[in-house]
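In what follows, every chain begins at residue 1, and chains take the letters A, B, ... in the order their sequences are listed. Atom set for the values below is all heavy atoms of this structure, side chains included, hydrogens, waters and symmetry mates excluded.
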Amino acid sequence: MPDFSLSPEQESLRDMARKFARTEMAPHAAECDKTARFPEEIYRKAYELGLMNLNVPTDYGGSGLTLFDQCLIVEELAYACGGMTTSVIANCLALEPILLGGTPEQKERFLKPFCAEYQFASFCLTEPSGGSDAGSLRTRATKEGDHYLLSGEKCFITNAPHASLFTVFATVDSALRHRGITAFVVPRSAAGVIPGKDEEKMGHRASSTSTVRFEDVRVPASDRLGEDGEGFSLAMRTLDMTRTPIGALATGIAQAALDHAAAYSLKRQSFGKLISEHQAIQIKLANMAQAVHAARLLTWHAAWTIDRGAKGTLESSIAKCFASDAALHVADEAIQTFGGYGYMKEYPVEKLLRDAKLTQIYEGANEIQRSVIARELLRAYA
Amino acid sequence: MTVLVVAETSAGHLAAATRDAVSVAQALAGGAAGVVGFAAGPGARVVAAELGRFGLPRVLVVEDPRLESAPVAAVAPAIAAAADACGADTVLVGGTTFGRDLVGRLAVRWKATVASGVTEAARVDGGLRVRRPVFGGRATETRRLGGARFALALRPHAFPAPAEPPVTPQVEAVGVGEVPPGVWAAKRVALEAAALGSGPSLGDASIVVSGGRGLRAAENFHLVEELAAALGAAVGASRAVTDAGWRPASLQVGQTGRSVSPQLYVAVGISGAIQHLVGMVSSRVIVAINSDATAPIFRVADYGVVGDLFQLVPALTAEIRRVRAG
Amino acid sequence: MDIVVCVKPVPEPETRLRVAPDGRTLDTEGVKFVLAGYDESAVEQALLLKEATPGSTVHVVSCGPAPRTEEVLRASIALGCDKATWVEAPALLASDPIRAAGAISAVLRGASHDLVLCGKQAGDDEAGVFAAALGELLGAPDLGYVVDLRWDAGAQRFRFQRVTEAGVERWEAPTPLVVGLQQAWNDPRTAKLPNILKSRKAAIARVPADAAVVGHASEAEKFELPAPRTGAKMIEYKTPEEAAQRLVRILREEAKVLP
């Protein structure tokens, strides 16, 4: 029988993340949302406390946590601010291809110095003409002896304006479609790497997002992860690992929305009583609570499955898809619970809706998640 | 049974906190006769005379000048000895930094059952029953103290003034007793008297007076500030006031402003929109002054005064000043 | 410098208070106990002094039941304390600051410590008597309400300030000293993730509490929460002066929020 209780160690990790989130992140969430400020001082503190690079083994200077423990932390951080959390965990996404596809020499060479300092890395897959259709990417990697020349443009890349390292997916032969895609590790310092200007976003405004152009960037073959044509599979295996923490991120946003709505309902009065005593509100809160609870348990189950060594594609897709849809719906209902006040930026709930929306789109849009779920599901019936 | 009251000095005179101790002592001892005073340090005889004004017939004094800058550990032996000498079973002291430290020491040295921050004390079969606030005042506990001896540090300002008629006390000098030499080595080397004037900050204050739209104009906000000064309180404001620019946003209490939970919150001319309530509703005691009897603030306030604040607030300020002076 | 810091597990500050079924105490069902408030500052102050004085050790001690006491000790180790001792005692004993001081003094009496740091008062009972009782038991002077505690290695004495009713006092004292700390010179640090993981495996000495060191016959009789608000008591008056007098009298005698 499964044991749903957390170990004392897991409780300590979660408590530490909660404390950091509530004392360091939450007080600045509204201000960073308003001004789209990238709070370096908060990210630096997160780094110093060991909250970045959660997936990198301790041998390379990371925190070496299980996926489950990462999810515990991510949910707590997202409760305070989804945008800041996205930037904190973006390193995990960028470094995962190195963990999965790098040789021991590459891991040592890239991960150790990277984790030894406060810095950002970015995962570069999405392009202006291809997001969900990652297999159709057009960034070219032209082989020239012992190196490649990378050319192309990536967009919607988290942390790109600040990143010192990029994990880039490019094709060595577009005629091969996804079988030509190859993965590379590219330092910002390489000539021809041109990160763009910070985009103005609907939400996650404390996080930084931009294009990255590669203009004949010379990449040594020794910085290629795996062989030519293995990049697409590496990208998919990476997303298999990073999808579940997005479920945790969405759960954190949803929990915050539920907490705000419930607390407000116990203060606000209408028609002579607290609105928590009106059935319309009770039903709303009940539905919200179900959604949050389910989102968390699906995320926990996906993480547990993957930590036991399974691929967990079905479980993680369900968790990400459900939790992100839940976050959007719960945030929406939280605004509705607040009524007119919920529409005002003075109150924290409208930000939650704007932050929740992105979780339905990035790290695999929910339409793709549903395709994946259907495919995995039907496989069992074939 | 006899009660020993340990007096404290403030600016050369009897500290206000000691009055609480005298009041409770007279209640527990069943009258002035059963209460003996104790004063220590250079001003002990002055304090002894002031204790007489509250009806204490007898005061023991220790005049060793070293006590002025010594830790409580230096005077605890003399107090324990004095209590034994006059046959006291209870030692009372104000719940100040000195008083709480003293009862902690007496629990061990005098083998007493102790409590600090006490707001009510009464004799019961086999001992004392006391009440005290806990969890920052969010709850109250009642404790039964058993045994043969008791020492209580009383919460300041929680008791009525002593009511016994003044007498001229019999003053007896006693020695400082056996103080371990290491205790004298800890010394106070300087004292900067507490600065008066600028009130406490909104976050720390135990009393907050806030003003709202009911004050009608920026020029009238001084009524709130004067009341706050009289109470030694911090000043707060509603969003209407800060939005209108009458006072800076740093004073705003509410959803986008500060959240405060003082012992006393006085809301002047504030209607009590939920956006303000969220910032102050966990205050221990809320008083609302408003001309509108149906204002939502009266639903969360403990006490309400409906009327013209332009008359009520100055009257309240004057009354506070009168009471504080007397 | 040999520094001891005494900490007490208390309900976390955001706990919703509930009365236990017997009506005598806080209902601790589902309540999380943590290192908090002035105790957190005391640990921080101990670590700051250790960092400022090479060759120092910080020994954290706590008295109480499982699992809360062990958790608070591990939290202190994660922050940087070198050594930890758990004085095992039932909640009833541990919740009495005089008896807890007795039990802890039995553990500390063996060696001479330069400094014993405590928080000025616990976050739950707020009694503020523990440090004084411990000082009496250890035969050392105690000073409470201390802020900014520094060690002057040249003069071999502590220099610190106390915030009291009289104002700001400046003090100096040699070792040994017991301090009830109000504020360290920095905000309490947050434990780093790798140290949290390491603290789970750290060794903690366990000693059963000697309940006989100090007797103290203080018994909880009732634990009460304030009655929920049912609307303001409106003050009747004929003149503003009368309203003011009535209100002030009520605030002094009934509500007891004014002297």
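A distance of 12.0 Å separates CZ of B:Arg188 from CZ of C:Phe160, quoted to the nearest 0.5 Å. Of the inter-residue distances, the one linking C:Arg229 atom CZ with B:Ile286 atom CD1 reads 3.5 Å to the nearest 0.5 angstrom. Residue C:Glu136 holds its CD atom at 10.0 Å from CG of B:Asp101, rounded to the nearest 0.5 Å. To the nearest 0.5 angstrom, B:Arg155 atom CZ is 10.0 Å from C:Lys256 atom NZ. Atoms NZ and NE2, from B:Lys111 and C:His216 in turn, are 12.5 Å apart once rounded to the nearest 0.5 Å. A distance of 9.0 Å separates CZ of B:Arg105 from CG of C:Leu137, quoted to the nearest 0.5 Å.
Using a 4.5 Å heavy-atom threshold, the side chains of B:Leu191 and C:Val168 count as separate. Using a 4.5 Å heavy-atom threshold, the side chains of B:Phe135 and C:Pro11 count as touching. The side-chain heavy atoms of C:Val248 and B:Ile320, taken from C-beta on, include a pair separated by under 4.5 Å. Within the 4.5 Å cutoff, the side chain of C:Asp124 has no heavy atoms near those of the B:Val134 side chain. Contact check for C:Leu258 versus B:Leu231: side-chain heavy atoms found under the 4.5 Å cut-off. Between C:Val257 and B:Arg284, the closest side-chain pair of non-hydrogen atoms falls below 4.5 Å. Looking at B:Pro71 and C:Trp171, their side chains come closer than 4.5 Å, going by heavy atoms from C-beta outward.
Here the shortest heavy-atom pairing between C:Ala217 and B:Gly147 reads CB-N, 4.3 Å.
Checked by atom type and distance alone, the side chain of B:Ser116 pairs as donor or acceptor with a backbone atom of C:Ala127 at under 3.5 Å. C:Tyr237 places a side-chain N or O within 3.5 Å of a backbone atom of B:Val306 that can act as its donor or acceptor partner. C:Arg170 places no side-chain N or O within 3.5 Å of a backbone atom of B:Val189 that could act as its donor or acceptor partner.
Looking at B:Ala15, there are no atoms closer than 4.5 Å to chain C (heavy atoms on both sides), in backbone or side chain. Both the backbone and the side chain of B:Arg138 come within less than 4.5 Å of a heavy atom in chain C. Looking at B:Thr119, the atoms closer than 4.5 Å to chain C (heavy atoms on both sides) all sit in the backbone: N, CA, C or O. Within the 4.5 angstrom heavy-atom criterion, no atom of B:Val130 approaches chain C. B:Pro180 does not touch chain C: none of its heavy atoms, backbone or side chain, sits under 4.5 Å away. Contacts between B:Ala70 and chain C at a heavy-atom distance below 4.5 Å involve the backbone alone (N, CA, C, O). Neither the backbone nor the side chain of B:Thr317 comes within contact range of chain C, judged by heavy atoms closer than 4.5 Å. Contacts between B:Ile207 and chain C at a heavy-atom distance below 4.5 Å involve the side chain alone, from C-beta outward.
Other residues, nucleotides and ligands contribute at most 12 non-hydrogen atoms within 6.0 Å of the CG atom of C:Leu92.
A salt bridge links C:Glu224 to B:Arg131: one of the charged nitrogens lies within less than 4.0 Å of a carboxylate oxygen. A salt bridge does not link B:Arg132 with C:Glu126: none of the charged nitrogens is closer than 4.0 Å to a carboxylate oxygen. Look at B:Arg143 and C:Glu219 and you find no salt bridge, because none of the NZ, NE, NH1 or NH2 atoms lies under 4.0 Å from a carboxylate O. Residues B:Asp302 and C:Lys233 are not paired through a salt bridge, judged by the lack of any N-O separation under 4.0 Å between the basic side chain and the carboxylate.
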Chi angles and distances behind the salt bridge (Lys or Arg N to Asp or Glu O under 4.0 Å) call for B:Lys187, C:Glu172 | CA-CA 6 Å; B:Lys187 269 197 287 277; C:Glu172 53 182 54; 5.8 Å; no
Show the numbers, then the answer: is there a side-chain hydrogen bond (donor to acceptor under 3.5 Å, both in side chains) between B:Tyr303 and C:Arg246?
-> CA-CA 11 Å; B:Tyr303 304 102; C:Arg246 289 210 168 149; over 6 Å; no
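If you tally non-hydrogen atom pairs under 4.5 Å between each of B:Leu312, B:Leu106, B:Thr97 and chain C, the highest count goes to B:Thr97.
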